[in-house]
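Structure, as structure tokens:
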Amino acid sequence: MAIGTGPSAVTGTDPQLSRTALEVAPLLLGAVLTVERGGLRVAVRLTEVEAYEGEQDPGSHGFRGRTARNSSLFGPPGTLYCYFTYGMHYCANIVCGTEGRASAVLLRGGEIIAGEETAKARRRNPARARDLANGPAKLAQALGLDLGCDGWHVATGQEISSGTNGGIGADGGAALSPLPAVEPPDVRTGPRVGVAGPGGSADYPWRFWLEGEESVSVYRPAQPRKRRKPAGRTPGTD
DNA sequence: GCTTCGATCTTCT
DNA sequence: GAAGATCGAAGCG
């Protein structure tokens, strides 16, 4: 694999990521993301991603502009944007494009290729290996990504170096293998998952995955959320 | 194997 | 107050 030394400018503009999310997303398929967290290292080969094109994309967290939560999304290409969702899950994006544009690629699925024992422990030993990272929250959990990783810098073709990730400190770091010049031949595209309304599945088929990979997540069309049932009994709607 | 539904809490309107 | 870039358990065939 290709994690190694490379261009040294950790905070500089990464030419491989300084393209639109739509351009970067298919190139990320097959790339290897290595994350070191708490002294433990896990590497994943990305098999499924989704593109989010910033403030022009209704499905993007950056659509309504910059907030405290999504400020990392507006950072320079290579910034890791981690967020907390549904009250219990973390998801991770890699920012691309240009700084201030909120263009990013959501990491949805991957195959663990190193640190499998660590990933299993973090994922509470799922029955099947494919369940280690076949979903955005599962992938983030397997890699040990949470809000503490928000704002890290993930440059392509660089070695992990603690303390160089945007001043995060010695907690860990992340690295991405160099991206190919052209997208892999077995890339498929389709509707994004769980994005409802304008900017949803039909309007933006910006989900990319590698055909035939087991680590691709289950597709679930966006559905309106139901109110949580009040304690005791359900309302008399029958 | 597939489908349905509840859990949980941050963020935004 | 409502919705959300999700997950996993339970129920069903």
Side-chain angles (χ1 to χ4, degrees), chain A residues 21-22 24-25 28-29 33 46-74 79-97 102-110 119-120 122-150 189-209 214-235 237-238:
Chain A
L22 273 175
V24 172
L28 282 172
L29 296 174
L33 176 65
L46 299 173
T47 60
E48 184 186 3
V49 298
E50 276 180 8
Y52 288 86
E53 283 293 2
E55 293 174 283
Q56 69 186 64
D57 178 359
S60 168
H61 282 185
F63 181 62
R64 291 184 175 85
R66 189 173 192 149
T67 67
R69 178 200 194 194
N70 66 15
S71 60
S72 297
L73 189 56
F74 290 79
T79 301
L80 200 60
Y81 166 50
C82 297
Y83 64 92
F84 185 65
T85 188
Y86 287 97
M88 64 191 91
H89 301 302
Y90 297 98
C91 298
N93 295 249
I94 294 177
V95 176
C96 47
S103 181
V105 177
L106 170 69
L107 309 180
R108 288 198 57 89
K120 279 182 181 174
R122 286 171 174 161
R123 293 276 303 118
R124 295 186 302 171
N125 295 303
R128 298 174 297 186
R130 59 186 291 184
D131 291 329
L132 277 175
N134 63 339
K138 296 177 190 177
L139 179 67
Q141 188 175 30
L143 289 173
L145 296 174
D146 55 28
L147 290 183
C149 308
D150 187 40
T189 65
R192 293 191 299 201
V193 178
V195 183
S201 304
D203 296 333
Y204 295 82
W206 291 352
R207 174 174 170 243
F208 301 83
W209 70 93
E214 285 193 330
S215 51
V216 173
S217 66
V218 179
Y219 174 66
R220 300 183 192 218
Q223 292 179 355
R225 306 223 62 73
K226 290 181 180 174
R227 286 287 296 159
R228 180 176 158 186
K229 236 189 290 186
R233 53 161 310 201
T234 53
T237 54
D238 46 343

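Throughout, a chain's letter reflects where its sequence line sits, starting with A, and its residues are numbered from 1. Only a predicted model underlies this, so the values are computations on that prediction, with no experimental measurement involved.
Taking atom CD of residue A:Glu48 and atom C1' of nucleotide C:dT6, one finds them 13 Å apart after rounding to whole Å. The nearest whole Å value for the distance from the CG atom in A:Asp131 to the P atom in C:dT6 is 16 Å. The distance from atom CZ of A:Arg128 to atom P of B:dC2 is 9 Å, rounded to the nearest whole Å. Atom CG in A:Asn93 sits roughly 14 Å away from atom C1' in C:dT6 (whole-Å rounding). For the pair A:Leu139 CG and C:dT6 P, the interatomic distance rounds to 13 Å; values are reported in whole Å. B:dT8 atom C1' lies 17 Å from atom CG of A:Asp146, rounded to whole Å. Atom P of nucleotide C:dA5 and atom OH of A:Tyr83 are separated by 6 Å, given to the nearest angstrom. Put simply, CZ on A:Arg124 is 8 Å from C1' on C:dG8, counting in whole angstrom units.
Relative ring orientation between A:Tyr81 and A:His61 is described as perpendicular, the plane-to-plane angle rising above 60° on a 0-90° scale split at 30° and 60°.
Looking only at side-chain heavy atoms (C-beta outward), A:Leu80 and A:Asp150 stay at 4.5 Å or farther from each other. Taking the side chain as every heavy atom from C-beta outward, A:Lys120 and A:Leu132 approach each other to under 4.5 Å.
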Distances under 3.5 Å only, N/O to N/O: pair up the protein atoms with those of nucleotides 10-13 of chain B.
unit_1, atom_1, unit_2, atom_2, d
B:dC12, OP1, A:Thr67, OG1, 2.5
B:dT13, OP1, A:Arg64, NE, 3.0

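Remark: ring of A:Tyr86 not stacked against base of B:dA7; the cut-offs of centroid gap under 5.5 Å and plane tilt under 30° are not jointly satisfied.
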Watson-Crick and G-U pairing of DNA chain B written in dot-bracket, each distance under 3.5 angstrom, with | for inter-strand partners: |||||||.||||.
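Not counting sequence neighbours, A:Arg64 has no partner by the side-chain contact (heavy atoms from CB on, under 4.5 Å) test.
Under a 3.5 Å cut-off, the side chain of A:Glu214 and the backbone N or O of A:Arg130 do not form any donor-acceptor pair.
For the atom pair CD of A:Glu50 and OG of A:Ser60, the computed distance is 11.5 Å after rounding to the nearest 0.5 Å. Taking CG of A:Leu143 as the start and OH of A:Tyr90 as the end, the distance is 15.0 Å to the nearest 0.5 Å.
A:Gln141 and A:Arg122 are not linked by any side-chain donor-acceptor pair at a separation below 3.5 angstrom, with hydrogens and angles left out of the test.
Nearest heavy atom pair, residue A:Arg192 against residue A:Gly59, reads NH2-CA, 3.8 Å.
At C:dC7, none of the side-chain N or O atoms of A:Arg123 fall inside 4.0 Å of OP1 or OP2 (strictly under the cut-off). For the pair A:His61 and C:dA5, the criterion of a side-chain N or O lying under 4.0 Å from OP1 or OP2 is met.
Counting only heavy atoms from C-beta on, A:Met88 has its side chain closest to B:dA7 among C:dC7, B:dA7, C:dT6.
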